[in-house]
Protein chains: 2
Amino acid sequence: MGASIKDVAKRAGVSVTSVSRVLNSEKYISQRILEKVNQAIEELNYSPSQIARSLKKQKTSTIGIIVPDLTNYFCSTILSSIEESASEYGYNLIVCNIAENLEKELKYLHAVQEMRVDGIIIMHQKVNQRILSFIESASMPILFSCVRSPLPGRFSVLINDYQAALDATEYLIGLGHRRIAFLGGDLGDVTAGYSRYQGYLDALHKSGIPLNHDFIKFGNYKLESGRVMMQEILEQGECPTVVFAASDDMAVGAMNCILDYGLSVPEDISVMGFDDSLIAKAVRPMLTTMQQPVRELGRISLEYLHTLIEDPDQPDCRDIYLPHRIMERASCRRL
Amino acid sequence: MGASIKDVAKRAGVSVTSVSRVLNSEKYISQRILEKVNQAIEELNYSPSQIARSLKKQKTSTIGIIVPDLTNYFCSTILSSIEESASEYGYNLIVCNIAENLEKELKYLHAVQEMRVDGIIIMHQKVNQRILSFIESASMPILFSCVRSPLPGRFSVLINDYQAALDATEYLIGLGHRRIAFLGGDLGDVTAGYSRYQGYLDALHKSGIPLNHDFIKFGNYKLESGRVMMQEILEQGECPTVVFAASDDMAVGAMNCILDYGLSVPEDISVMGFDDSLIAKAVRPMLTTMQQPVRELGRISLEYLHTLIEDPDQPDCRDIYLPHRIMERASCRRL
DNA sequence: CTGAAAGCGCTAACAA
DNA sequence: TTGTTAGCGCTTTCAG
């Protein structure tokens, strides 16, 4: 094995304390010791053990992050921006991809707890009883990012999904649409599933547009899911003039389905997405979508968690809502 | 703080050794002790400290993974498949996103070394001298995934990028194309940059097609980069009949540029990508591309690293090449 | 089958 | 300024 602090001390002819001191660049170390220690470190190619340090200090500078699905563009972008801030604050990230598997999530939750991470970020919405009770009894701060906390009084940073979906739908109505299809996520998913659906519903209601249940489908946020739902709608007979999807991926899936049917977007059917992930600008026509402020969401999530770690008794301000915004591009036309 | 093994021992009225034994489900523990310990664990809501365990066992069950850019679809997909295998093998992943920043890479390399990860996977190609010497003197196994090792005799799992680019170009030639543009990555990037470029060059040469330097551009693998390069080519006057890009993202960028110019793909210009990442199927026309076997690449990378960790003295088989394959879709036409 | 005790590599009183 | 020493929470001989 590699050299330990003891070896360095011996080699430098000083005490381990002195070595520790230079390692942590404390004050009150003589130039002489500093040099000798640094030389010994060099010669031994010494690398201090973060894990011994963690054990002693009861703090790991590590945070666990539970991601629903790494292959989802929105997730990996948020992850990337969380990572950026984490790196600035000196945290390392344990990434837990649960691939929509609650058992795996629970396993990971226990794993990061045993690793004594300083905090946990959860980007996943659906929970079961065991996960809930884990969250309740966890000893480290847990923050929900981009989803609403399943438990009241917990911390989360996200957009107001209900309002965003409502705004999006009203935007579409403002464009003259009345036959508006909705491609939702799982209703059990309170944030993106349920809230966005409610926003859609209420917008229609406010404008006195009757509900057409053939225009409402639920999927899993993925590309393929959007395609399948759109196909169902198309096969059903009556056509919407626009389809509003609860994720960009589903919107693109739907758009491709429309295109593959030989129809055009937005001439025949308009399409609106949600997220403004990179794919929105990668497709043609470019997707009109509801933007989530990805970089801010990530950055603020991390900063918030950081303050929670430093001072676990944060009194107020348990939820932080960031502004959403419509990105008008080419996939929605005025009727 | 939470309960320690000592607290559990006290509560259960047994020695810490016994607690440790049931924690590790060793043999030779009486039913009586087992029950008492489990009950104490339950009552105290005890969670064993992985970091104390790591310190003692000199092994963390953690691996560090250096990713060039999380917002790149190919990367996050590989990451996801590595994660899947890692989870099966009981490893936790420290994800290090270097965002093309070598200083950050070096910082992360040292960080994971200090965290005493059991192994490191590097998915990044470009290195500098300090990174090189880190790799040379590192005490844990390091494996390169999807890129060729910058040092001879190191371990890597990847496809044969040269051959793949050659095959792709020959496929295009077979389709009747002779004016074939190439959108490459950084030439300093030996794997994807240099090798793919060489493959392109050699394929042209073998078919006696003269080089047109106006048809050769280098970018950074990203969408926007593909768009910019394509625009340069289009503005230059003479038009290629097909453009072969060293990444799907660049291919899509190029395709969008062509579309935005009012031309069609593949009628006016064909486009071929590289990677077969999710975006290839998300765009219209669907991208014809050179497929990298993403899931296998990820799985085998992890399994290989695992064997290296278990037995660091692996003698042979330092590089593993996986098969590539052309995915014929709709973006390339026969001339 | 069970327990006592040493020690993994480090930090932080406390002394000097 | 510097050094001695007692743990942090666990595993692992080694005895019993």
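Convention: sequence-line order gives letters A, B, ...; per-chain numbering from 1.
The side chain of Ser20(B) contributes an N or O atom lying less than 4.0 Å from OP1 or OP2 of dT11(D). Of the side-chain N and O atoms in Ser4(B), none sit less than 4.0 angstrom from OP1 or OP2 of dC8(D). Remark: Ser18(B) is not in phosphate contact with dT2(C), judged by side-chain N or O atoms under 4.0 Å from OP1 or OP2. OP1 or OP2 of dG3(D) lies within a sub-4.0 Å distance of a side-chain N or O belonging to Ser15(A). Of the side-chain N and O atoms in Gln58(A), none sit less than 4.0 angstrom from OP1 or OP2 of dT11(C). The side chain of Tyr28(B) places no N or O atom within less than 4.0 Å of a non-bridging phosphate oxygen (OP1 or OP2) of dG3(C). Applying the 4.0 Å criterion to OP1 and OP2 of dT2(C), one finds that Ser30(B) has a side-chain N or O inside that range.
The base of dG3(D) sits within donor-acceptor range of the side chain of Arg21(A), with an N or O pair under 3.5 Å. For dT4(D), its base sits under 3.5 Å from the side chain of Thr17(A) at one donor and acceptor pair at least.
The nearest heavy atom of DNA chain D to Ile33(A) and to Ala52(B) marks one nucleotide each, and the one closer to the 5' end goes with Ile33(A). Closest-nucleotide positions on DNA chain C for Leu55(A) and Gln31(B) were compared, and the one nearer the 5' end corresponds to Gln31(B).
Remark: the Asn92(A) side chain and the Thr62(A) side chain contain no N/O donor-acceptor pair separated by less than 3.5 Å. Defined by atom type and a distance below 3.5 Å, a donor-acceptor pair is present between the side-chain atoms of Lys107(B) and Ser87(A). Checked by atom type, the side-chain pair Tyr221(A)/Asp69(A) shows no donor-acceptor distance below 3.5 Å.
Here the straight-line distance linking atom OG1 of Thr60(B) with atom CD of Gln50(B) works out to 8.5 Å at 0.5 Å rounding.
Counting to the nearest Å, the C1' atom of dG9(C) and the CD atom of Gln113(B) are 15 Å from each other. Atom-to-atom, NZ of Lys57(B) to P of dT12(D) comes out at 5 Å; the value is rounded to the nearest Å. Protein atom CZ of Arg53(B) is 16 Å distant from nucleotide atom C1' of dC8(D), rounded to whole Å. As rounded to whole Å, 14 Å separates atom P of dT11(D) from atom NZ of Lys6(B). The nearest whole Å value for the distance from the CD1 atom in Ile29(B) to the P atom in dT11(D) is 13 Å. As a whole-Å value, the separation of Lys36(B) NZ from dT2(C) C1' is 11 Å. Distance, Lys56(B) NZ to dT13(D) C1': 9 Å, rounded to whole Å. Residue Gln50(B) contributes atom CD, which lies 14 Å from atom C1' of dC8(C) at whole-angstrom precision.
Using a 4.0 Å heavy-atom distance criterion, Val14(B) is classed as a sugar-phosphate-only contact.
Side-chain atoms of Thr191(B) come within 3.5 Å of backbone atoms of Arg148(B) as a donor-acceptor pair (strictly under, hydrogens ignored).
Listed nucleotides dT11(D), dC10(D), dG3(C) differ in distance to Asn24(B); the shortest reach to its side chain belongs to dT11(D).
In terms of heavy atoms, Ile142(B) sits closest to Phe155(B) at O-CD1, 3.9 Å.
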